[in-house]
Amino acid sequence: MSLSLSADQPAVPANADDGVWLECIECGETFAPFDDIRYTCDECDGLLEVRYDELPTFDDFEGRGVWRYADALPFDEGVSIQEGDTPLYEVPRLEDDIGVETLRIKHEGMNPTGSFKDRGMTVGVRVAKELGVGRLACASTGNTSAALAAYGSRGGMETLVLLPAGKVAAGKIAQASLHGARILEVDDNFDTCLDFVQELASRGEAYLLNSLNPFRLEGQKTIGLEILEGFLADYEAVPDRIVLPVGNAGNTSALYKAFRELVQAGELAEADVPKLTGVQADGAAPMVEAIENGADEVRRWDDVETRATAIRIGNPVNAPKALPGIRETDGTAVSVSDEEITAAQRDLAGEGIGVEPASAASVAGLRKLRNAGIVDADERVACLTTGHLLKDPDAAAAAGGDPEPVPGDFDGVLETLSDDA
Ligand code: F0G
């Protein structure tokens, strides 16, 4: 099975281009990477993964940001706005409060457009140029559209985004708009938007840059590589567990691929691979359902709802890659309520870290699993926070305190302050 942790390095097929090819995770069919546009397998419609004849070791990485990891990517450089190299914050109070040996926050909100999507786009837009496509498109709960718009404009390309009407946070629409994307607000949810974009892509109307596109996940592998390098530098050991929010399960798939490739390269022992732990909102938790039921497939949820609009997703398209990732690493999946998400957003804010609701789900999930005794007190954990607080200013203001009106004179200000005493 190609997605097993112990899979051998595959033989290089004749259609590889400079040691790079695409392989179907279901039937093993291989394809030349840049001759034609395809997102899934021609034979069986399975998901595709990028394969390499040579896998790098840690010593091969040099420089900063996503392109530090060029040897693990299909190109040496991309359409870049200096993405990656995000902080791995210490959070001593939260670490004590949750009760784990080590807790670090990998804050992907510190990327150029404020989310991890930039890591995928710097690679994805580079591939689009290689393929010579015209218009770039995605469906989005917001962050992908912001990143696509920014990287598309950086690359001088036309961009089209389909968003679920009324369900995308203000900061994200503002970004897509200012960076010049054509925005269609669809009167349905994200999953329908993605169905539509897939149909547009299959009719040749646009090049799809959702995480169904295997090249995007290559860029997102670098989150995992940065976390591992950060832990190795600080603790001489990789984390026991990585907790992350799950929507389409692209990141879960990408981190798992990063770890598999390190295992294949002999850089990481199978037993040391961090446990991938996915967190969804109670109102949009099809992956959690599949993990809890031991199911091989995820059931599509048609009605989804959560305050964490970024992960308001009922049909996680990368599930066939992510389910083995969670299972093979001995991880798990858990869902959290909107109240738990907001509480975690406040917890992080109390350590000076501003995140959007979906991002806080990772910390909320960790707390829940620790309380349930599923996460042990001696674990070293990294939580991924995927997007910046300013992405969703309305959620931030609702979670924070209210401004107090005061008269425009100094005595009035003093009086208001003394009222507290
Ligand atoms: N966190 C944030 C802030 C996101 O924007 C997303 C996905 C996720 C987590 C989930 O990541 O799909 O890799 O499991 N946002 C997509 C978008 C769907 O359109 O911006 P995943």
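First listed ligand is number 1; within each ligand, the first listed atom is number 1. FYI, side chains are in, hydrogens and waters are out, and symmetry mates aren't considered; it's all heavy atoms of this structure.
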Q) At what distance is the nearest protein heavy atom to atom 4 (C) of ligand 1, and which residue and atom is it? A) A310 CB, 3.6 Å

Q: May I ask you to check whether E108 and T86 show a side-chain donor-acceptor distance below 3.5 Å?
A: yes

Q | Ring centre gap for Y39 and F215 strictly below 6.0 Å | A | no

Q. Closest non-hydrogen protein atom to atom 10 (C) of ligand 1, residue and atom name please, with distance?
A. G247 N, 3.4 Å

Q. With no hydrogens and no angle check, is any side-chain donor or acceptor of K117 less than 3.5 Å from a backbone partner on T386?
A. no

Q | Closest approach of any protein heavy atom to atom 5 (O) of ligand 1, naming residue and atom | A | N143 ND2, 2.8 Å

Q: May I ask you to list the atoms of ligand 1 that are less than 4.0 angstrom from any heavy atom of S140?
A: 17 (C), 19 (O), 20 (O)

**Q.** Residue and atom name of the nearest protein heavy atom (relative to atom 1 (N) of ligand 1), distance in Å to one decimal
**A.** T386 OG1, 2.6 Å

Q.
Need the ligand 1 atom indices (1-based, order shown) with element for anything under 4.0 Å from a heavy-atom of E356.
A. 3 (C)

(Q) Among all protein heavy atoms in this structure, tell me which lies nearest to atom 13 (O) of ligand 1, with the distance rounded to 0.1 Å. (A) N251 N, 2.9 Å

Q) Any side-chain donor-acceptor pair under 3.5 Å between D282 and S337? A) no

Q | Taking atom 16 (C) of ligand 1 as the reference point, the nearest protein heavy atom with its distance | A | K117 NZ, 2.8 Å

Q. If we only count heavy atoms from C-beta on, is the W67 to L73 side-chain gap below 4.5 Å?
A. yes

Q: Check ligand 1 against T141 and write out every atom of the ligand that is under 4.0 Å from a heavy-atom position of the residue.
A: 15 (N), 16 (C), 17 (C), 18 (C), 19 (O), 20 (O)

Q) Salt-bridged, E49 to K257, with N to O below 4.0 Å? A) no

**Q.** Those atoms of ligand 1 less than 4.0 Å from some heavy atom in I313
**A.** 18 (C)

Q. Which atoms from ligand 1 have a heavy atom of V246 less than 4.0 Å away?
A. 14 (O)

Q | Those atoms of ligand 1 less than 4.0 Å from some heavy atom in I311 | A | 8 (C), 9 (C), 10 (C)

Q.
Keeping Q175 on the side-chain end and T113 on the backbone end, is there a donor-acceptor pair under 3.5 Å?
A. yes

Q. Where on N318 is there a heavy atom closer than 4.0 Å to ligand 1, on the side chain, on the backbone, on both, or on neither?
A. neither

Q) Which residue owns the protein heavy atom closest to atom 12 (O) of ligand 1, what's the atom, and how far is it? A) N248 N, 2.7 Å

Q. Do N318 and S253 get their side chains close enough for a donor-acceptor pair, meaning under 3.5 Å?
A. no

Q | Which segment of T252 sits under 4.0 Å of ligand 1 when only heavy atoms are counted | A | neither

Q. To the nearest 0.1 Å, how far is atom 11 (O) of ligand 1 from its closest protein heavy atom, and which atom is that?
A. F116 CZ, 3.5 Å

Q) Would you call R119 and E226 a salt bridge, using N to O less than 4.0 angstrom? A) yes

**Q.** A358 N/O under 3.5 Å from ligand 1 N/O
**A.** no

Q. Do the side-chain N and O atoms of T192 and N189 include a donor-acceptor pair separated by under 3.5 angstrom?
A. yes

Q: Check each of Y69, Y52, F34 against F75 using the ring-ring contact (aromatic ring centres under 6.0 Å, His included) test, and report the only one that passes.
A: F34

(Q) Check this for me: does any side-chain nitrogen of one of D97 and R367 sit under 4.0 Å from a carboxylate oxygen of the other? (A) yes

Q. Which atoms of ligand 1 sit under 4.0 Å from any heavy atom of T144?
A. 16 (C), 17 (C), 19 (O), 20 (O)

Q.
With a 4.0 Å cut-off on heavy atoms, is A249 in contact with ligand 1?
A. yes

